[in-house]
Protein chains: 2
Amino acid sequence: MKLASLKSGRDGRLVVVSNDLTRATDATHIAPTLQAALDRWELFCGALSDLAEGLAHGSVPAFRFHEHDCASPLPRAYQWLDGSAYVNHVELVRKSRGAELPESFWTDPLMYQGTSDANIGPRDPVRVASLDYGVDCEAEIAVITGDVPAGATREQGLAAIRLVMLVNDVSLRNLIPAELAKGFGFLHSKPPSAFSPVAVTPDELGDAWRDGKLHLPLMTAINGHVFGQPEAGEEMTFDFGTLIAHAAKTRPLSAGTIVGSGTVSNRDPDGSPGRPVGEGGRGYSCIAELRMVETLREGKPRTSFLGFGDTVRIEMRDRKGHSIFGAIENRLEPAV
Amino acid sequence: MKLASLKSGRDGRLVVVSNDLTRATDATHIAPTLQAALDRWELFCGALSDLAEGLAHGSVPAFRFHEHDCASPLPRAYQWLDGSAYVNHVELVRKSRGAELPESFWTDPLMYQGTSDANIGPRDPVRVASLDYGVDCEAEIAVITGDVPAGATREQGLAAIRLVMLVNDVSLRNLIPAELAKGFGFLHSKPPSAFSPVAVTPDELGDAWRDGKLHLPLMTAINGHVFGQPEAGEEMTFDFGTLIAHAAKTRPLSAGTIVGSGTVSNRDPDGSPGRPVGEGGRGYSCIAELRMVETLREGKPRTSFLGFGDTVRIEMRDRKGHSIFGAIENRLEPAV
């Protein structure tokens, strides 16, 4: 089942979307919003699933689905916890700050609580007041959970995954060092994120969804050029069940909590930092990684962070080449 | 106007409460929940205000108001940003960790993004899995904002304050050092918070609300004994307008965002750390401060963190001795 929230008010209007993302049908008679559906998932899930089947068979009224009509699946969410499951990314970012990677980072997930009260629409601009902030993208996978009790196990975490989607976790790189030095984590340096037009149930992913990971390449393009296509199922040190259990160690997670994977990242087969796409590598899901690789090789970064007018596109295709979640496409624009 | 959310479903049921907290009247015909009222405050505020007046004059149906029937005013909120406006508290906590206070902390507010998807009811137990976590309270003031644009000024921040309330920011002290050392801020060490039964509009506070601060003592009692009664309007280095502007530097804040003051804290008049209530001082709003003062004086802390069965009560009275927000009263219980 594929679900989306068409732009409408603060919480969007729930629709079921066809598998090929071309058609949709109104689902507001079942639940007005995705949050409402998640609040009583056990009650509504069957009816939404029936609607998806009706849409597939042409037996329910349908209309043309346009990704740019979408808000993020949860236009505002009660909780957004972003992990750093690809420790290769963490190691590179640390190196670029001249910081060591503690050994514990391979066993104890990094995770922060982010802002999710005003998620950016998948095709809406990202607006910032100044390019001095060092604006970067981070392409990630995320899951939306049902209710998870405090102290949940990995298995309970896996069972609580309702939907899977993509994220562009906008990052203001030049604000990060000073902010983290204050000791309380990200605030200014992690403004709102954008999520993919469509969120899908795990069964929709077939055998690409296994072991709590999504085994497909995640494509990031900047201004139409492929920037990265790392395999999201490889080198994910912590699977989503582990990330959810980590999040829930001392708190329950309410239905509609979003848990992110952190920037998807691969090394080269020889263990060295991955090469750019143009050099036969799998590339990157954020500019900071490329800058780090440049620094390691050439002594300083060569690639700039995003400028006004630059566009980041994030998408994942199945093994047949079909877009699963629709595309995030955010243009960087000055704050109005 | 005083508003509360009676326990009902995930978001409570909106009621208007009488000034003396003895009676309430249903407000769900205006807006079903406090979040719904905040979403369209300009539209609903007048009708809610009329209802409050009707309640005061006995011209609307009323029922007996019981604080223990309340959920937190926002049982789940889209954003909770907790500042550290009482830098004295920050300085003491840092000292207790053997860390210096950077000079910039007097001009650049500390703030973190916390969990608010499952706020604890004002009279509900706080549940933790282990006392080894070092369970502490933090008595604070908080405001609920309307929509605030990114880049808002202090004045826009002040104008966006819709409601004021109290918080018990539950803190797991023994988890904090290792978590902050990871660099991404609080996660496990800041489980859900409890808010006061009632949230009030700033005009309800009279001249105690001025300069973006609440000029009244905040009372904390542990197991029935007064533990602290610091003046919340004194030594608040950053007023709520400044805290909101800080929060909104790179992001908009959606209606229903909660911004906290951080632990209310006073020094002694001579500038030394405040003395306990029993020694003629104003006491503390968290146990960690007392332990720090003990460490400074006696070489080590003498007072334990909370044990199972211990009860923390947080309340604020006006100059006539009347409770403004009702009382938070949380008993510490083992996780079930």
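Convention: sequence-line order gives letters A, B, ...; per-chain numbering from 1.
Looking at A:S130, there are no atoms closer than 4.5 Å to chain B (heavy atoms on both sides), in backbone or side chain. In this structure, chain B has a heavy atom under 4.5 Å from the side chain of A:D11, while its backbone stays farther away. Residue A:P102: no heavy atom, backbone or side chain, is found under 4.5 Å from chain B. No part of B:S104 comes within reach of chain A, as not one of its non-hydrogen atoms sits under 4.5 angstrom from that chain. Looking at A:N119, neither its backbone nor its side chain comes within 4.5 Å of chain B, counting heavy atoms on both sides. Only the side chain of B:T257 comes within contact range of chain A, with at least one heavy atom under 4.5 Å from a heavy atom of that chain. Neither the backbone nor the side chain of A:A150 comes within less than 4.5 Å of any heavy atom of chain B.
When B:L253, B:D108, B:T115 are compared by the number of non-hydrogen pairs under 4.5 Å with chain A, B:T115 comes out ahead. Put simply, of A:L81, A:T250, A:V128, the one with the most heavy-atom pairs under 4.5 Å next to chain B is A:T250. Note on B:M111, B:Q79, B:R127, B:K182: by heavy-atom pairs under 4.5 Å with chain A, the leading option is B:K182. If you tally non-hydrogen atom pairs under 4.5 Å between each of A:A77, A:P192, A:A255 and chain B, the highest count goes to A:A77.
Shown here for A:I176 and A:S189, the closest heavy-atom pair between the two residues is CG1-CB, 3.4 Å. Of all heavy-atom pairs spanning B:R10 and A:L38, the tightest one is NH2-O, 4.5 Å. Contact record, A:W80 with A:A142: CZ3-CB, 4.4 Å, taken as the closest heavy-atom pair.
Only one option out of A:D39, A:D147, A:D117 pairs with B:R76 in a salt bridge (Lys or Arg N to Asp or Glu O under 4.0 Å); it is A:D39. Partner of B:F195 under the side chain to side chain contact (heavy atoms under 4.5 Å, CB included) criterion, chosen from B:L74, B:I258, B:D169, B:I144: B:I258.
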### Task
Evaluate the salt bridge (Lys or Arg N to Asp or Glu O under 4.0 Å) criterion for residues B:E42 and B:R162: first the C-alpha distance (whole Å), next the side-chain angles of each, then the deciding distance (0.1 Å), finally the verdict.
CA-CA 11 Å; B:E42 292 71 17; B:R162 299 281 175 266; 3.4 Å; yes

### Task
Report the C-alpha distance between A:Q156 and A:I244 in whole Å, list the side-chain angles of each, state the deciding distance to 0.1 Å, and finish with yes or no for side chain to side chain contact (heavy atoms under 4.5 Å, CB included).
CA-CA 9 Å; A:Q156 284 176 295; A:I244 293 169; over 6 Å; no

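By the 30° and 60° cut-offs, the orientation of the rings of A:Y112 relative to A:F186 is perpendicular.
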